[in-house]
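First the structure, in the form of structure tokens, and then the observations on it.
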Number of protein chains: 2
Amino acid sequence: MSPNPKELEEKLDPRVKRTRGLILQSFDSLLAEKGFESISVQDVTDKAQINRATFYAHFQDKYALLDYSIQKMFMAEIEKRTLSVCSYSPNNLRNLILAVVEFLSMMHSECAQSHQQFESLIEGTIKKQIFDLLSYWLRNSKVPTDIPATVATWAIYGLASHYSHMKKRPALEKFVDEAFPLVAVNLEQFA
Amino acid sequence: MSPNPKELEEKLDPRVKRTRGLILQSFDSLLAEKGFESISVQDVTDKAQINRATFYAHFQDKYALLDYSIQKMFMAEIEKRTLSVCSYSPNNLRNLILAVVEFLSMMHSECAQSHQQFESLIEGTIKKQIFDLLSYWLRNSKVPTDIPATVATWAIYGLASHYSHMKKRPALEKFVDEAFPLVAVNLEQFA
DNA sequence: GCTCCTTTGTTGCTTAGTCAACATTTGAAA
DNA sequence: TTTCAAATGTTGACTAAGCAACAAAGGAGC
């Protein structure tokens with residue numbers, strides 16, 4: 001039984017979960033008050049009340065932390081819709097598309113200044129998350145899933161990116177209704 | 001230079017401070033939802049997200065935790081009035097009396113049901129705190145301080161207990177104005 | 001150029017927290 | 001009363017976090 005993404009984190013040592021939680025909290029609150037580049041590792045560990053050396057036991061540097069933070073935010077969006085522990089269905093796919101579109105739109109509006117700067121980092125991170133999730137959904141398939149999963153991943157991300165960059169965004173539902181079949185067609189065999 | 005009560009806790013290992021903080025938070029929130037007797041050590045450690053064995057590394061049992069919790073609440077009352085790092089003066093004494101009276105009155109109203117049950121525990125704990133604080137205030141005296149400090153401690157606690165049990169409480173200020181000179185007279189030599 | 005100060009990573013040793021297992025105790029239901 | 005589940009304390013071996021000290025890399029100002 002291939003482990004789902006959520007289970008992996010839950011059986012970590014409680015100290016590790018706690019420490020990462022503290023680092024993340026501290027980082028997020030620092031991001032709210034100043035730009036990413038002006039945040040030092042010191043700042044993060046001071047606010048988190050952990051030792052600086054402990055930080056390096058968990059993250060290579062602050063860029064790895066940013067990456068982790070993005071992962072967590074996206075994961076939260078996924079779990080809000082209970083998509084993390086399930087299998088492929090057209091309805092789940094539709095909700096996944098919705099989640100990605102909303103996530104990117106949020107990034108665009110809330111992290112306005114930093115978004116440009118980190119767009120490619122976000123893209124890489126999120127696409128990996130989408131791909132892993134789709135692979136998990138298709139875990140019981142007897143045929144290889146990596147090609148269809150790749151196509152779907154890029155299509156979904158592309159759609160979301162397109163939507164979040166539009167000057168005049170159409171209604172979310174309408175947009176997704178229109179886009180959905182084009183993605184679903186590649187996954188029909190798994191329904 | 002005798003250490004003041006606050007400094008002692010601040011140079012503890014960060015892990016110790018964090019763990020005790022988590023235990024205390026958990027305990028206080030459990031107290032708000034159910035009675036002390038129905039709270040198990042399990043409950044506390046589960047909510048605090050620490051191991052049960054860790055609890056026993058810090059507290060002998062849940063009664064010791066209750067004691068610690070009371071100490072902390074009282075300490076907060078003292079620090080709110082900046083009385084923890086200073087020396088004896090009539091004005092500080094007056095504020096100390098105010099603090100004790102308000103603390104006991106609060107205990108009476110907020111922890112109504114449990115107060116009766118734990119009154120003697122509270123009394124012992126708080127009197128020790130008052131005594132230690134007074135001893136710290138008089139740390140530079142050339143004459144022995146334990147007798148006057150003992151008398152003042154019992155007097156202050158007695159006054160506060162009396163006030164908090166009264167059916168018709170007089171105005172706080174009026175009560176303290178009346179009581180203050182009777183306590184201060186024993187400490188005049190240190191002014 | 002140079003200096004001075006801050007931040008970055010890294011390391012070896014110490015201390016605190018985790019875990020599973022165990023013997024006891026307790027309390028409520030059969 | 002007996003039984004059974006749950007809570008209490010305790011232990012020893014393992015793992016994570018803290019700390020101080022270090023070399024090295026910027027960056028700001030002279």
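Computed over heavy atoms, backbone and side chain alike; hydrogens, waters and symmetry mates excluded. Chain A is the first sequence line, chain B the second, and so forth, proteins listed ahead of strands; every chain is numbered from 1.
The interatomic distance linking Asn51(A) (CG) with dC19(D) (P) rounds to 6 Å, in whole Å. In this structure, Tyr63(A) atom OH and dT7(C) atom P are separated by 15 Å, rounded to whole Å. Spacing between atom CG of Leu12(B) and atom P of dC19(D) amounts to 11 Å, rounded to whole angstrom units. With rounding to whole Å, Gln42(B) atom CD is found 11 Å from dA6(D) atom P. Lys17(B) has its NZ atom 13 Å from the P atom of dG17(C), to the nearest Å. For the pair Asp46(A) CG and dT6(C) C1', the computed distance is 13 Å after rounding to whole Å. If you take CD1 of Ile23(B) and C1' of dA16(C), they are 12 Å apart, rounded to a whole angstrom. Atom NE2 of His58(B) is separated from atom P of dT18(C) by 9 Å (rounded to the nearest Å).
A centroid separation of less than 6.0 Å is found between the aromatic rings of Tyr163(B) and Phe175(B).
Put simply, Tyr56(B) has no side-chain N or O that comes within less than 4.0 Å of OP1 or OP2 on dT10(D).
Both Asp61(A) and Arg18(A) lie near DNA chain C, and the one whose nearest nucleotide falls closer to the 5' end is Asp61(A). Residue Lys62(A) is the one, among Lys62(A) and Ala53(A), whose nearest nucleotide of DNA chain C lies closer to the 5' end (criterion: closest heavy atom).
Counting any heavy atom pair closer than 4.0 Å across all strands shown, Arg20(A) reaches no nucleic acid atom. Across all strands, Asp13(A) comes closer than 4.0 Å only to sugar-phosphate atoms, never to a base (heavy-atom distances). Among the heavy atoms of the strands lying under 4.0 Å from Ser40(B) are primed sugar atoms or P, OP1, OP2 only; no base atom is included.
At least one side-chain heavy atom of Ile156(A) sits under 4.5 Å from a side-chain heavy atom of Leu93(A).
Side-chain atoms of Arg52(B) stay outside donor-acceptor range of the base of dT18(C), with no qualifying N/O pair under 3.5 Å. Side chain Arg15(A) to base dG17(C): a donor-acceptor pair is found below 3.5 Å.
With respect to Glu79(B) and Lys72(B), no salt bridge is recorded, no charged nitrogen being found less than 4.0 Å from a carboxylate O. For Asp132(B) and Lys128(B), the salt-bridge test passes: some basic side-chain N is under 4.0 Å from an acidic carboxylate O. A salt bridge does not link Arg52(B) to Asp46(B): none of the charged nitrogens lies less than 4.0 Å from a carboxylate oxygen.
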